[in-house]
Amino acid sequence: MIFRTPILTLLLVSALAILVALGAAWFGQRVLRQWDLTSGSRAQLLMERRTELISTLFAMVMLAEAVALFLFVFNADRMAALFVGAMCAVGTLNVNPYGFPALYAKIGVFFAAAVWLVMDHVDRLGRDYPLTRAKYALVLAIAPLVIVAGGLELAWYLGLKTDVITSCCSKLFTPANAGISDEMAAVDPALALWALAGAQVLVLALGTFAAKTGRGHGLFALAGAVFFAVALTAMVSVIALYVYENPNHHCPFCILKPEYGYIGYAFYIPLFGATALALGLGAVAPFKRRGSLRAPLPPVLRRLTLWAMAGFAAYGAVTLYAIARSHLILFG
C-alpha cells in the first residue's frame, strides 16, 4: 500500500518539509537572538545571506505542503475502492484512527504555510528585512506542526489494511452519529443558508472597506475565519443535499467525485485560498507603518484583499449555481 506513487510522493514532500522546517527552526532561534541590522560584523552579513537561502527553501516546501493537502484528499478518495465499506475519502480516512487527525493537521499546516508565505513576500518588499524576526518566530511555531502532520500521515499510511471493514459518510455525517459531524448535519438548512448569506455580506463588506481605506484588515481576517466555519457547516447541512439531490446525504467529500463533476474543488479551492489570504492579511497588516513598508505594502494589501474577496464570492456563486441546477426542493 505504502509503495503507491501518490503515497510515496506525499511522504516525500512531508519528509522534505520536516527536514527543511527543522533546519529553518534551528536557524530561526539564532536569528531571534542575534539579528542586528545595525551591525556590520561578518557574522551578521553571513546571517543575512543565509536568511535569503533558508527563506527560499522554506517557502518552496511550504508551497509544496499547501498543494499536498489537495493531493492528500484526492488520493484518499481514489483509494476508497480498495476498502470494504468505503465510498469516498471518509471511508479511507476511517480505516484507522490516524486518518482524520492527519487531515486536520495538514489543514493546519496549509493555513500556517499560507500565512508564512504572505509574511515572507511582504518581508522581501522592505530594504531592511522588516519582518525577519516575525517570520522566523512563526517558523518555530510551524516546525512542530509540520512534524506532527508528517508523523500522523505516515502512521495512517502504514496502518492502511485492505482487510479492514470501514465505515463511510452514510454513518458519519448523519444526525444519528455522535460528534461534530452530526452537529453540522443537524443544523437547520434554512438557518445554515441565512448564516452563509450573512457571513458572505459581512466578509465582502469588510473587504471592500479594507480595500478602499487601507484599514480594518484584522477584522477582515476574522470575518474570513468566520466565513470559513459557516461555509463548511452550510456545506454539510444543506449545500451537499442540493448537489446530491438527496435530503439525507450530507457528506462534504463525495462532491469531489467525477459523477458530480468534481464540483467540490470549485467549492473548496476558492474557500481555502481566500481564507488563507485573509489570515495572511491579518498577520502582516500591523506592520504597514514600518518605515520601509509604508510605500510598498498598501498596494499589496489591497491586491490580496481583492483576491480574497474574489475567493469568498466564488464560493457563494458556486453555491447559488448548485442550488439553481438541483432538482431537490427543500423549502416551499
- prompt: What are the two closest non-hydrogen atoms of Leu206 and Ala223, and how far apart are they?
  reply: CD1-CB, 3.6 Å
field: Cluster link Leu12 to Leu22, ILVMFWY, side chain under 4.5 Å
entry: no
query: With a 4.5 Å heavy-atom cut-off, do Ser237 and Met184 have their side chains touching?
result: no
- prompt: If Ile, Leu, Val, Met, Phe, Trp and Tyr residues are connected whenever their side-chain heavy atoms lie under 4.5 Å apart, and connections chain through other members, are Ile147 and Tyr104 in the same group?
  reply: yes
message: Counting only heavy atoms from other residues, nucleotides and ligands, does the tally under 6.0 Å from OH of Tyr98 exceed 12?
response: no
field: Validation row: Phe74, Leu256 side chains within 4.5 angstrom (heavy atoms)
entry: no
query: Judged by atom type as modelled, is there a donor-acceptor pair below 3.5 Å linking the side chain of Lys288 to the main-chain atoms of Ala295?
result: no
task: Step through the shown structure and confirm whether more than 12 heavy atoms of other residues, nucleotides or ligands are within 6.0 Å of CH2 on Trp35.
output: yes
- prompt: Got Ile255 and Met235 here, is their nearest side-chain heavy-atom distance under 4.5 Å?
  reply: yes
- request: Taking atom CZ of Arg124 as the centre, report whether more than 12 heavy atoms of other residues, nucleotides or ligands fall under 6.0 Å from it.
  value: yes
query: If you look at every heavy atom in Asn96 and Leu160, which pair is closest and at what distance?
result: ND2-N, 3.6 Å
message: Side chains of Tyr136 and Ser55: any donor to acceptor distance under 3.5 Å?
response: yes
- request: Would you mind reporting whether Leu103 and Trp156 have side-chain heavy atoms less than 4.5 Å apart?
  value: no
His250 side chain vs Val236 backbone, donor-acceptor pair below 3.5 Å: yes
query: Do side-chain atoms of Ser326 reach the backbone of Tyr242 as a donor and acceptor pair under 3.5 angstrom?
result: yes
field: Residue pair Arg50 / Arg30, side-chain heavy-atom distance below 4.5 Å
entry: yes
message: Any side-chain to backbone donor/acceptor pair from Ser14 onto Gly150? Under 3.5 Å, distance only.
response: no
task: Give a yes or no on whether Arg49 atom CZ has more than 12 heavy-atom contacts from other residues, nucleotides or ligands under 6.0 Å away.
output: no
message: Does any part of the side chain of Met79, heavy atoms only, come nearer than 4.5 Å to the side chain of Ile7, both counted from C-beta?
response: yes
field: Same apolar cluster: Leu191 and Leu193, side chain cutoff 4.5 Å
entry: no
query: Parallel, tilted or perpendicular: which describes the rings of Phe272 and Tyr268, with under 30° parallel and over 60° perpendicular?
result: perpendicular
message: Looking at Leu10, is its backbone amide N or carbonyl O close enough to the side chain of Tyr157 to form a donor-acceptor pair, meaning the two atoms are under 3.5 Å apart?
response: no
query: Quick one: are the ring centres of Phe111 and Phe228 less than 6.0 Å apart?
result: yes
Pro101 versus Leu152, closest heavy-atom pair with distance: O-CD1, 3.6 Å
- request: Answer whether the closest heavy-atom distance between the side chains of Pro247 and Leu328 falls below 4.5 Å.
  value: yes
task: For the pair Gln200 (side chain) and Phe312 (backbone), establish whether a donor and an acceptor sit closer than 3.5 Å, ignoring hydrogens and angles.
output: yes
field: Interatomic distance, His217 atom NE2 to Leu222 atom CG [nearest 0.5 angstrom]
entry: 14.5 Å
message: According to a hydrophobic-cluster definition based on side-chain heavy atoms being under 4.5 Å apart (Ile, Leu, Val, Met, Phe, Trp, Tyr only), do Val67 and Phe72 belong together?
response: no
task: Please name the pair of heavy atoms, one in Leu117 and one in Ala59, separated by the smallest distance, quoted to 0.1 Å.
output: CD2-O, 3.6 Å
query: Looking at Val146, Val13, Val148, Val61, which one forms a side-chain contact (heavy atoms from CB on, under 4.5 Å) with Ile18?
result: Val146
Within 6.0 Å of OH in Tyr321, more than 12 heavy atoms from elsewhere: no
query: Are the side chain of Asn75 and the backbone N or O of Pro6 linked by a donor-acceptor pair below 3.5 Å?
result: no
message: Quick check against the 3.5 Å criterion: does Glu245 have a side-chain atom that pairs as donor or acceptor with the backbone of His327?
response: yes
field: For Val115 against Gly280, the heavy-atom pair lying closest together
entry: CG2-N, 4.0 Å
- prompt: Can you tell if the side chain of Ile239 reaches within under 4.5 Å of the side chain of Leu196, non-hydrogen atoms only?
  reply: yes
Heavy-atom pair of closest approach, residues Ala76 and Thr92: O-OG1, 2.8 Å
query: Can Val318 be reached from Val201 by stepping across I, L, V, M, F, W or Y side chains whose heavy atoms are under 4.5 Å apart?
result: no
- line: Which of Trp116, Trp26, Phe27 passes ring pair (Phe, Tyr, Trp, His ring centres under 6.0 Å) with Phe58? Answer is Trp116
message: Looking at Arg133, I want to see if its CZ is surrounded by more than 12 non-hydrogen atoms of other residues, nucleotides or ligands under 6.0 Å.
response: yes
